[in-house]
Each structure stands twice: as C-alpha cells, then as structure tokens.
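Reviewing the structure listed below.
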Amino acid sequence: LLGKKQIDADVLEELEEILITADMGVKTTVELIRTLEQRLKRNELGDGEALKAALKQEISDRLAQVNSDLDVSAAKPFVILVIGVNGVGKTTTIGKLAAQYRRAGKKVLLAAGDTFRAAAAEQLEIWGERVGAEVVRHKEGADPSAVAFDACKAAVARDCDILLIDTAGRLHTKVNLMEEMKKIRRVIEREIPGAPHETLLVLDAATGQNAVSQASLFKEAAQVTGLILTKLDGTAKGGIVVAVSHEFSLPVRYIGVGEGVEDLRRFEPQQFVDAIF
Amino acid sequence: ALSDKLESVFKKLRGQGVMTEDNIKEALREVRLALLEADVNFKVVKDFVERVREKAVGTLVLQSLSPGQQVVKIVHDELVALMGGDEDNSLDLAAKPPVSIMMVGLQGAGKTTSCGKLARYLKSQRRKPLLVPADVYRPAAIEQLKTLGRQLSMEVFDSQADQKPVDICSKALKYAELSGFDTVIFDTAGRHQIDDYLMDELVHIREAVEPREILFVADAMTGQEAVNVATGFNDRLGITGVVLTKLDGDAKGGAALSIKAVTGKPVKFVGLGEKLDALEVFHADRLVSRILG
Ligand SMILES: Nc1nc2c(ncn2[C@@H]2O[C@H](COP(=O)(O)OP(=O)(O)OP(=O)(O)O)[C@@H](O)[C@H]2O)c(=O)[nH]1
Ligand SMILES: Nc1nc2c(ncn2[C@@H]2O[C@H](COP(=O)(O)OP(=O)(O)OP(=O)(O)O)[C@@H](O)[C@H]2O)c(=O)[nH]1
Ligand SMILES: [Mg+2]
Ligand SMILES: [Mg+2]
C-alpha cells in the first residue's frame with residue numbers, strides 16, 4: 001500500500017510538470033492535481049495510466065463544456081470585432097476568417113480599425129486583395145471609431161454578409177486604449193443594433209499566465225464572446241486557454257496554425273489535450 | 001508579494017538561531033510558487049530554488065533582518081546575479097564600421113518596432129544607422145519599417161518583397177559601406193525556432209553580414225516555452241543579447257529569467273511602449289523587483 005502511495009506521488013509530480021510546462025498556470029494545475037488526489041483517496045484510480053487518463057478527461061471536459069461553434073448566419077451583416085494585445089495575430093486571423101467566409105460564397109467587408117500602427121491598414125488591404133474582400137480604411141492617425149462607423153454603414157449599404165473589424169493591439173492595462181475600444185463598440189452598436197454579434201479575443205499560444213489578466217480586462221470592457229488561439233504551429237501548447245476558457249466561459253472558436261491564408265482550424269478539445277500529453 | 005508570504009511562513013521561526021533544511025522548506029515552496037506564477041520556466045525554477053536552499057541552509061538568522069526578510073534578500077540577490085548583476089550589457093559596437101545588428105525572434109514579438117527604437121537610440125548616441133527591412137513574407141512589413149524610418153527622418157534601405165532576404169542584406173551592407181553609415185540594423189521576419197528553412201535563412205544572413213550583435217526579441221508575456229525558443233535560436237544561430245518587449249503591461253516577465261538561465265546571454269534593452277522613444281537599457285534589479293512584487 002505504501003508502494004502505491006509513492007508511485008502515485010511520483011506520477012502526480014510528473015503530471016504537475018507536464019501541466020506547468022504546457023502553460024496551464026499554477027492555479028489551474030493545483031486545482032487539477034487536487035482533483036486527482038481526491039479521486040486517489042477514494043480509491044477511484046488504479047495506476048499511473050489511469051491517473052493520466054483521468055487528468056486528460058478532466059481537461060477536455062472543461063473545454064467541451066464551453067465549446068460552441070460560431071454561427072455567422074444569425075445576422076446580416078454579421079459583425080465581428082477582433083481585439084487583443086499587441087502582436088498576437090488579430091490582422092492575420094481576420095484575413096484567414098475572411099478567406100473562409102469567401103470560400104463559402106459570402107460577401108465580406110473588412111474594416112481597418114488600427115489607425116495607429118505603421119502600415120496597419122496596408123497590411124489589411126493586402127489581405128483584402130488576397131481573399132476578395134473590400135477594405136474600409138482612413139488615413140493613419142484617424143479616429144478608429146470613425147472607421148468603424150463608416151464600415152458599418154458600408155456593410156449595410158453594400159449588402160455584405162460579414163463585416164470583420166480589425167483594431168489596434170492594446171495592452172489591457174492601458175485605460176485610455178481600453179476606453180477607445182469601448183467607444184468603437186458603442187459606435188458599432190448604435191449603427192447596427194445588436195452588433196457586434198461576435199467579439200473575438202485573440203490570444204497567442206505562447207502566452208503565460210498574463211492571458212488571464214488579458215481575458216479578464218478585455219471581457220469586462222468589451223463583452224468578449226469568443227477566443228482565437230494563434231501560433232499553435234510553434235512549440236507552445238497554449239495551456240492558458242484552459243483557464244481562460246473555463247474561468248470566463250469563453251468558447252475557443254478557432255486556432256491559428258500558421259501564417260498562410262488556409263491556416264485556420266476549428267478547435268478540437270480532444271486533439272488539443274492529446275497534444276499536451 | 002513574496003516578502004509578505006515569507007513573513008508569515010517565518011513567524012514560527014522567531015527566536016530560532018539557524019536556518020535549517022526543515023524550517024525553510026515551506027519558505028522555499030513559497031519562492032517556487034512565486035516564480036512559477038511569474039512564468040519562470042519549471043526547470044529553471046527547480047535549479048534556482050536549489051541554489052537558494054544551498055545559500056540559506058546553515059546561515060545564521062541575522063539580528064538586523066527577520067528570517068523572512070533574509071530569505072527574500074537571498075532570493076533577490078540570487079535573481080539579480082542570475083540576470084547578470086551589473087555585468088556589462090551594453091551594445092557591442094566595437095568593430096570597423098558599418099557594424100551590423102540583426103533582430104530575430106518569434107512572430108509578433110516586436111522586432112520591427114524595436115528596430116525603429118534602436119535606430120532612434122543610436123542616433124541619440126551620435127551614430128548614423130541604416131534600417132534594412134529583410135522580411136519579405138509578412139504583408140506590408142517593408143512598408144512598416146519604411147514608415148518608422150519616415151517618422152524618425154532616418155534612411156531605410158529600399159527592399160522589395162520579391163527579393164531574397166539574404167540578397168537584400170548583402171546589398172544593404174554594401175550600400176551602407178559606400179554611403180557612410182556606421183551601423184546597420186537588419187529587421188527579419190518572425191519565425192519559429194523549429195522552422196529549419198527559415199532558421200537556415202538566418203544563418204545565411206549572419207554569414208553574409210557578420211553581425212556584431214544578434215538580438216533575440218522576446219515578448220515579456222511569454223510563458224514556459226521561452227526556454228525552448230531561446231535555446232533553439234541560440235543553438236542554431238547564436239544570439240548575443242535579448243530585447244524584452246511589452247514590459248509596459250502587467251506581465252511579470254519571468255521569461256527573461258528563463259532566457260538568461262538557458263542561454264547565458266544578457267537582456268540589453270526593454271521595450272516600454274509602442275512609441276519609438278519607449279526603449280530603455282535593461283536594469284536587472286528593476287525586473288527582479290517586478291517578479292518578486
Ligand atoms: N506561425 C504563426 N504565425 C502567426 C499566426 N497568426 C499570426 N501570425 C504571425 O504573427 C505576426 C503578427 O500577426 P498580426 O496579424 O500582425 O498580429 P496583430 O495582433 O494584428 O498585431 P498588432 O496589430 O500589431 O497588434 C505576423 O508575423 C503573423 O504572420 C499563426 O497562427 N501562426
Ligand atoms: N505596448 C507595447 N507594444 C509593443 C512594444 N514593442 C512592440 N509593440 C507592439 O507589438 C506589435 C508587434 O510589433 P512588431 O514590431 O510588428 O513585431 P514583429 O516582431 O516585427 O512582428 P513580425 O514581423 O510579424 O514577426 C505592434 O503592435 C507593436 O506596436 C512594447 O514595448 N510595448
Ligand atoms: Mg494588427
Ligand atoms: Mg516585423
């Protein structure tokens with residue numbers, strides 16, 4: 001009996017290392033390991049393999065609970081606002097989403113809502129050319145709310161199916177930038193009732209526990225309704241998505257697996273968990 | 001903060017003379033948790049806590065400090081030492097001009113922006129840098145660096161997206177030599193350390209321009225994978241220093257510790273904002289205070 005206790009303790013230590021190095025975060029790791037310890041105490045789990053299987057099931061259950069697909073037929077134009085901190089892949093993801101909707105025969109409009117960063121609008125315009133979507137843009141330094149306003153008007157006037165609104169990267173701790181984002185949202189709401197119909201928070205798979213702080217402040221300020229997890233084609237496991245998805249009840253709509261126009265996949269909880277172990 | 005947690009852990013140690021394996025066990029657990037919560041890599045934390053344990057066990061509990069403060073001091077000093085203490089982390093520009101600097105790293109880390117910031121910094125140091133856009137993959141990447149050059153009134157080499165990055169870099173270096181630039185800053189495309197083709201490209205660029213500095217640009221919010229990424233870039237290419245970006249957020253920045261621990265290369269600069277004046281020379285004690293905060 002003592003032998004089993006020691007083996008279990010060793011296995012739990014190994015599993016703890018896997019969880020931490022996958023960026024699950026300290027809080028989530030402690031919760032998950034405690035859950036396993038309780039099941040061990042109740043003699044519910046046999047050997048190391050059973051422990052690992054139970055852990056994988058627990059994680060994929062958490063993800064599956066919140067999982068849901070994005071239904072863009074729910075409104076016309078269906079307005080998607082894309083937000084997140086700097087450099088995570090917002091603009092590129094918009095290009096990929098636009099391509100996907102274009103392939104489905106939809107009329108897509110893009111809004112170059114990043115009026116701050118050098119060549120941001122030019123970057124989105126190239127994506128627009130690539131996928132066959134028009135781009136509404138202003139000059140660098142313009143008011144991003146004005147771009148959102150014009151884009152909403154154009155989406156209705158041009159009978160578009162989907163409007164994707166790009167925004168500048170912003171750190172969630174910058175109050176003035178979060179206020180700017182709130183204003184963009186208000187303008188969209190006023191122009192198209194019910195819009196934005198989806199607000200996507202983009203997270204980089206290599207992000208550590210700061211993702212929780214990002215999700216918390218972005219959700220509070222902009223009523224996020226879905227997540228995108230990018231750069232999963234690298235070596236990062238993206239474990240932070242488990243805590244974020246669970247804590248804020250946010251489904252992972254898509255994952256980014258490369259820099260090309262086709263590198264967007266539906267999120268599969270089981271595949272995601274298998275990749276961690 | 002860690003200091004508060006250690007204060008309460010050590011309430012029981014009051015009156016005891018020496019730190020022992022036993023009485024610091026709980027304290028070390030708190031140190032481990034604090035570092036993991038700061039995104040420091042699992043293995044790096046393990047090695048570091050072991051070093052703290054070695055330093056702490058057997059030391060006398062000083063009259064002037066509480067045991068908690070004493071452990072915090074050991075942790076603080078060991079972290080600063082790990083980050084290079086006050087070793088020279090200045091840019092190595094000691095070569096016949098034009099001196100080349102390559103900026104490398106993962107997608108979206110802040111390389112292009114940091115190139116602009118570095119050019120501005122070098123100009124303030126009375127140098128005359130040439131900015132070279134060598135990212136032909138990302139849409140409007142060349143335009144992005146050209147725009148930054150315009151904002152700084154500094155010259156940007158006229159790369160075209162249909163050229164090969166190695167050719168751009170060779171041509172740009174020749175141009176810099178002929179035109180009297182004393183420094184050349186090469187912006188490269190973001191890439192994963194496991195992308196063999198793109199990592200080879202960096203090696204070819206390195207061979208072509210013989211840089212004095214190869215700066216690994218890393219996002220301060222990076223988690224556990226910082227170790228594998230930094231090792232990949234360092235083993236394959238050889239980095240000479242690190243630029244830690246987006247430190248103006250609330251990410252603890254533990255990735256910096258991980259990167260220094262596994263590569264031994266110093267953090268030379270930190271990015272503290274999106275504007276081109278938001279670049280500062282790295283100070284170890286500031287980052288350590290942030291992590292222990
Ligand atoms: N490998 C890989 N790279 C990606 C992925 N998504 C985006 N990128 C790259 O990440 C970098 C940043 O992408 P952007 O789309 O500019 O990110 P952003 O969030 O719009 O950046 P800002 O607007 O500056 O905040 C680019 O080099 C993209 O090609 C992905 O899924 N995989
Ligand atoms: N807040 C903040 N943002 C930064 C900092 N450095 C860069 N950024 C932002 O991060 C985003 C990405 O910066 P880029 O310079 O395009 O990154 P990159 O590494 O060149 O990206 P790729 O070329 O696609 O790999 C942009 O929105 C920048 O404005 C920083 O220190 N603080
Ligand atoms: Mg963008
Ligand atoms: Mg770049």
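Letters A, B, ... mirror the listed sequences (proteins, then strands); counts begin at 1.
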(request) Decide, yes or no, whether a salt bridge links B:E50 with B:K46 under the criterion of side-chain N to carboxylate O below 4.0 Å. (result) no
(message) Please classify the contact of B:R138 with chain A as side chain, backbone, both or neither, using a heavy-atom distance under 4.5 Å.
(response) side chain
(message) Distance alone, cut at 3.5 Å: any donor-acceptor contact between the side chains of A:Q209 and B:D39?
(response) yes
(message) Which residues in residues 193-201 of chain B have any heavy atom closer than 4.5 Å to a heavy atom of chain A?
(response) B:Q193, B:I194
(message) For the interface with chain A, which of B:G249, B:A251, B:A220 has the highest count of heavy-atom pairs at distances below 4.5 Å?
(response) B:A251
(request) Heavy-atom pairs under 4.5 Å with chain A are the metric here; pick the option from B:G232, B:P139, B:A226, B:G108 that has the most. (result) B:P139
(message) Can a side-chain donor-acceptor contact be found between B:K265 and B:N234 if the only test is distance below 3.5 angstrom?
(response) yes
(request) Examine whether an atom of B:K43 lies under 4.5 Å from a heavy atom of chain A, and if so say whether it belongs to the side chain, the backbone or both; otherwise answer neither. (result) side chain
(request) Name the member of B:K246, B:E225, B:R191 that forms the most heavy-atom pairs with chain A at distances under 4.5 Å. (result) B:E225
(request) Side chain from CB out, backbone as N, CA, C, O: work out which of these in A:E125 comes under 4.5 Å of a heavy atom of chain B, or both, or neither. (result) neither
(request) Let me know if A:V30 has heavy atoms under 4.5 Å from chain B in its side chain, its backbone, both or neither. (result) neither
(message) Are A:K56 and A:D274 packed together at the side-chain level, in the sense that at least one heavy-atom pair is separated by less than 4.5 angstrom?
(response) yes
(request) Working to the nearest 0.5 Å, report the span between CZ of B:F233 and CG of B:L215. (result) 12.5 Å
(request) Examine whether an atom of A:K174 lies under 4.5 Å from a heavy atom of chain B, and if so say whether it belongs to the side chain, the backbone or both; otherwise answer neither. (result) side chain
(request) Determine the interplanar angle of the B:Y121 and B:F269 rings, folded into 0 to 90°, and report it as parallel if under 30°, tilted if 30 to 60°, perpendicular if over 60°. (result) perpendicular
(message) Looking at chain B, which one of A:R117, A:E122, A:K237 has the largest number of heavy-atom pairs inside 4.5 Å, strictly under?
(response) A:R117
(message) Between A:D166 and A:T91, do the side chains contain a donor N or O and an acceptor N or O under 3.5 Å apart?
(response) yes
(request) Output, in order, the C-alpha distance, side-chain angles, deciding distance and verdict of salt bridge (charged side-chain N to carboxylate O under 4.0 Å, His left out) for A:D204 and A:K231. (result) CA-CA 6 Å; A:D204 184 324; A:K231 309 180 196 172; 2.9 Å; yes
(request) Establish, from distance only, whether the side-chain atoms of A:H138 and A:D143 form a donor-acceptor pair under 3.5 Å. (result) no
(message) Using a 4.5 angstrom heavy-atom cutoff, name the option from B:Q107, B:Q224, B:K146 with the most pairs to chain A.
(response) B:Q224
(request) Start with the C-alpha gap between A:T115 and A:E140, add the side-chain angles, then the distance that decides, and say whether side chain to side chain contact (heavy atoms under 4.5 Å, CB included) holds. (result) CA-CA 5 Å; A:T115 56; A:E140 195 179 293; 6.0 Å; no
(request) For each of B:L148, B:D248, B:V229, tally heavy-atom pairs with chain A at distances under 4.5 Å, and name the one with the top tally. (result) B:D248
(request) Name the region of A:L177, side chain, backbone, both or neither, that has any atom closer than 4.5 Å to a heavy atom of chain B. (result) side chain
(request) Establish, from distance only, whether the side-chain atoms of B:D187 and B:T112 form a donor-acceptor pair under 3.5 Å. (result) yes
(request) Against chain B, work out which of A:I240, A:V26, A:N210 has the most heavy-atom pairs shorter than 4.5 Å and name it. (result) A:N210
(request) State whether the number of non-hydrogen atoms from other residues, nucleotides or ligands found under 6.0 Å of B:Q151 atom CD is greater than 12. (result) yes
